[in-house]
Amino acid sequence: MVERMTGGQALVAALKRQGIETIFALPGVQLDWAFDALYDSQDTIRIVHTRHEQATSYMADGYARTTGRVGVCLVVPGPGLLNASAGLATAYSCNSPVLCIAGQIQSDLIERGRGMLHEIPHQLEMVRSVTKWAGRAMAPGEVPGLVAEAFRQLGTGRTRPVEIEIPPDVLQAQADVAPADVVGAPQRPNGDPDLLEAAAKALGEAKSPIIFVGGGVISAGASESLRELAELLQAPVVMTSNGKGALSSRHYLAQNTVGGRTLLPESDVVLVAGTRFVPGMNQNWGLRPDQTVIQLDIDPEEVGRNVPVAIGIVGDVKQGLGELAERVPRHNRKRDSRQEELAGLKERIDDLLFEVQPQASFAQVLREELPEDGILVNESTQVGYWSNLGFPVYQPRTFLTSGFQGTLGYGFATALGAQVGNPDKHVVSVNGDGGFMYNVQELSTAVRHNIPLTTVVFNDNAYGNVRRIQKQSFNGRTIASDLLNPDFVKLAESFGMEGIRAGGPEELRTALQRAMKNGHPALIEVPVGEMPNMYHITRGGAVRR
Ligand SMILES: Cc1ncc(C[n+]2csc(CCOP(=O)(O)OP(=O)(O)O)c2C)c(N)n1
Ligand SMILES: [Mg+2]
């Protein structure tokens with residue numbers, strides 16, 4: 001039904017039609033008419049306002065990745081959008097469905113270079129670097145279609161952030177606006193049946209198949225099919241840190257990348273599903289030409305990008321793995337259970353990881369205190385690096401990383417968003433003192449919006465990772481890596497939040513129990529010394545076969 005409304009009202013109506021219930025936002029003059037429209041809709045759309053735009057996009061990402069629903073952030077143009085861009089880059093690297101709504105300068109002055117408030121040239125082109133699609137509305141009547149297209153993009157193919165922008169005069173202007181159709185279920189093409197059959201045959205006939213998976217299995221909701229296929233093939237499932245939870249860590253077939261390095265050389269057919277298949281910084285997996293690679297991915301550009309593939313299947317990973325599980329039995333060898341052998345390998349890797357102290361003991365306490373469905377949001381800090389490999393994850397969407405961006409400082413705000421999206425689950429944010437202070441101002445957001453997140457800060461008064469590398473590689477010449485910190489407990493208290501200091505793993509346990517019970521945000525500071533590096537393990541070759 002056509003209705004007379006402002007562009008701002010058209011925006012809010014379109015978001016409501018898509019079922020949006022939460023927006024992470026920071027206002028400003030170009031957005032006044034959007035916020036005034038949101039004022040009237042506070043019973044359906046909750047506004048969580050932050051203290052810096054970077055937190056709006058991080059929170060939208062944390063919300064999106066843990067719920068599978070679209071996370072929305074709303075920011076002013078120019079500096080506001082630039083501030084949000086590290087969060088968009090992180091969401092981009094983690095294939096997260098984030099919708100960023102940005103302001104613009106007055107519509108008839110765009111790209112004139114007159115120096116209007118918050119003007120940056122080529123804003124739309126700039127944001128395309130960290131989104132899969134971006135668009136602009138130049139009249140209120142265009143707003144519903146723009147929002148619908150944004151949701152179509154979010155639900156089609158590989159999920160990645162998108163951006164829309166609306167100039168202030170368009171948000172203010174009144175017009176007769178017709179609603180656009182609601183975008184329905186995600187449109188994700190099915191894989192080619194002939195290729196799936198060829199893949200099923202190769203896997204079924206393989207002597208020692210192996211499966212590598214990443215976050216794509218989690219965003220596709222393909223865990224069940226993955227487990228079924230892996231069990232049929234008795235194939236180990238190697239999960240990247242972003243793919244943790246695709247198969248429960250309790251399963252004997254579930255392996256981390258250390259296990260992957262150990263098992264890959266003896267595998268003849270390698271199924272790569274929903275992962276870029278890149279082991280880490282400037283390394284490759286060291287495949288041999290006699291190993292057959294089958295790759296399944298929703299993104300055609302990803303197939304064969306990093307390794308040559310014998311069979312490349314473009315399609316939805318859930319449908320593809322389901323089809324493979326259905327087709328493999330017709331080709332499958334008789335296979336004995338590899339439980340004893342692979343559980344043994346896991347144990348040896350766990351023993352090796354447990355030698356990395358104190359990281360292992362801290363992470364173990366975190367796992368023991370976090371419920372089965374609790375969510376851990378990781379960071380670029382010593383206990384975090386350890387967790388990428390060693391932290392057991394039992395369910396999809398319960399372990400977040402910053403993906404290939406490795407964005408220091410993303411964690412605390414991302415965890416706040418995860419907690420907003422999962423009010424009934426326990427969420428724990430792991431931080432170093434360096435990374436935590438990137439978003440320290442959001443302590444205010446946690447209290448203001450009563451987001452009951454438990455935040456742990458491992459404090460070594462340093463960019464510890466950098467300092468250790470400097471010491472080891474540059475003969476003790478450390479520079480720009482020592483940090484001066486506030487008293488974190490007092491800082492938390494000054495925001496009106498519970499602050500607890502924990503001297504070691506067992507005190508961390510008690511602190512976590514207390515924090516998770518109180519139903520309010522809490523910060524736990526853990527003073528620590530320098531921790532050992534674990535490159536000898538991540539680089540591989542450390543485990544005997
Ligand atoms: C945006 C960004 N800037 C800089 C870095 C480089 N970097 C990686 S780890 C690190 C230090 C982390 O310090 P802290 O959070 O205290 O953790 P710690 O290593 O001390 O445990 C830095 C500066 C990065 N990864 N991302
Ligand atoms: Mg530190």
Side-chain angles (χ1 to χ4, degrees), residues 52-55 57-58 61-62 82-94 129-130 241-242 280-282 356-363 365-366 376-391 400-415 428-443 455-474 477-489 491 501-502 504-505 508 523-535 537-538:
H52 190 295
E53 283 90 359
Q54 66 179 335
S57 50
Y58 285 136
D61 180 17
L82 287 166
N83 282 341
S85 62
L88 294 178
T90 309
Y92 188 81
S93 93
C94 294
S129 313
V130 287
S241 52
N242 208 30
M281 294 220 292
N282 307 322
V356 185
Q357 293 290 356
Q359 291 97 312
S361 292
F362 281 125
V365 165
L366 285 164
L376 189 91
V377 180
N378 210 8
E379 252 287 356
S380 299
T381 183
Q382 305 312 307
V383 175
Y385 299 133
W386 191 97
S387 299
N388 279 332
L389 284 178
F391 193 82
L400 299 194
T401 76
S402 53
F404 67 79
Q405 278 302 316
T407 335
L408 184 63
Y410 95 106
F412 174 48
T414 303
V428 171
S429 166
V430 164
N431 306 266
D433 51 323
F436 175 66
M437 295 269 296
Y438 275 49
N439 269 298
V440 64
Q441 70 286 344
E442 306 307 333
L443 287 169
T455 303
V456 181
V457 181
F458 291 99
N459 181 10
D460 62 352
N461 293 305
Y463 291 130
N465 210 51
V466 177
R467 187 174 61 179
R468 195 184 51 222
I469 292 171
Q470 290 174 342
K471 277 189 182 169
Q472 290 175 354
S473 308
F474 299 93
R477 287 153 59 95
T478 62
I479 178 169
S481 54
D482 63 309
L483 296 175
L484 177 98
N485 286 314
D487 177 328
F488 286 110
V489 171
L491 182 72
R501 191 164 287 117
L508 174 61
L523 183 149
I524 303 168
E525 183 197 354
V526 186
V528 291
E530 190 169 308
M531 298 194 201
N533 82 31
M534 49 188 297
Y535 299 141
I537 300 177
T538 46

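Atoms within each ligand, like the ligands themselves, are counted from 1 in listed order. What you see is a predicted model; the values in this text were computed from it and never measured.
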Passing candidate, side chain to side chain contact (heavy atoms under 4.5 Å, CB included) with Phe436, options Asn439, Val440, Asp433 | Val440

Output the list of atoms in ligand 1 that are nearer than 4.0 Å to some heavy atom of Gly406, sorted by atom number.
-> 24 (C), 25 (N), 26 (N)

Between Val466 and ligand 1, does any nitrogen or oxygen pair lie at a separation below 3.5 Å?
-> no

Stepwise, does the side-chain hydrogen bond (donor to acceptor under 3.5 Å, both in side chains) test hold for Asn388 with Asn378?
-> CA-CA 8 Å; Asn388 279 332; Asn378 210 8; 2.9 Å; yes

At what distance is the nearest protein heavy atom to atom 20 (O) of ligand 1, and which residue and atom is it?
-> Gly464 N, 2.7 Å

For atom 10 (C) of ligand 1, is some protein heavy-atom partner under 4.0 Å away?
-> yes

Flag for Asp61-Thr414: side-chain donor and acceptor within less than 3.5 Å = no

Exercise: do Asn533 and Gln472 side chains pair donor with acceptor under 3.5 Å | yes

Backbone, side chain, both or neither: what part of Asp460 comes under 4.0 angstrom of ligand 1, heavy atoms only?
-> side chain

Subset of ligand 1 atoms that lie under 4.0 Å from at least one heavy atom of Ser380 | 12 (C), 15 (O), 17 (O)

Between Ala462 and ligand 1, find which residue part has any heavy-atom pair under 4.0 Å and reply side chain, backbone, both or neither.
-> backbone

To which protein heavy atom is atom 3 (N) of ligand 1 closest, and what is the distance rounded to 0.1 Å?
-> Tyr438 OH, 3.3 Å

Carboxylate-amine/guanidinium contact Asp487 Arg501, below 4.0 Å = yes

Any side-chain donor paired with an acceptor under 3.5 Å for Asn459 and Glu525?
-> yes

Between the side chains of Thr90 and Thr407, is a donor N or O closer than 3.5 angstrom to an acceptor N or O?
-> yes

Would Gly432 count as a contact for the Mg ion (ligand 2), in the sense that one of its N, O or S atoms lies under 2.8 Å from it?
-> no

Quick one: nearest non-hydrogen protein atom to atom 13 (O) of ligand 1, plus distance?
-> Tyr463 CA, 3.4 Å

Which residue and heavy atom of the protein sit nearest atom 15 (O) of ligand 1, plus the separation = Gly435 N, 2.8 Å

Search all heavy atoms of Glu53 against all heavy atoms of Asn83 and return the closest pair with its distance.
-> OE1-ND2, 3.0 Å

If only atom types and distance count, is the side chain of Thr401 paired as donor or acceptor with the main-chain N or O of Gly403 below 3.5 Å?
-> yes

Can you give me the OD1-the Mg ion (ligand 2)-OD1 angle for Asp433 and Asp460, to 10°?
-> 90°

Please write down residue, atom name and distance for the protein heavy atom closest to atom 14 (P) of ligand 1.
-> Gly434 N, 3.5 Å

Between Asn465 and ligand 1, which residue portion shows a heavy-atom distance shorter than 4.0 Å: side chain, backbone, both, or neither?
-> both

For atom 7 (N) of ligand 1, which protein heavy atom lies nearest, and how many Å away is it?
-> Leu408 CD2, 4.1 Å

Kindly give the heavy-atom pair with the smallest separation between Leu483 and Gly434, and that separation in Å.
-> CD1-CA, 3.7 Å

Kindly say whether Pro532 contributes a backbone atom to a donor-acceptor pair with the side chain of Gln359 at under 3.5 angstrom?
-> yes

Any idea which protein heavy atom is nearest atom 21 (O) of ligand 1, and the distance to it?
-> Thr381 OG1, 2.5 Å

closest protein heavy atom to atom 8 (C) of ligand 1 is Tyr385 OH, 4.3 Å

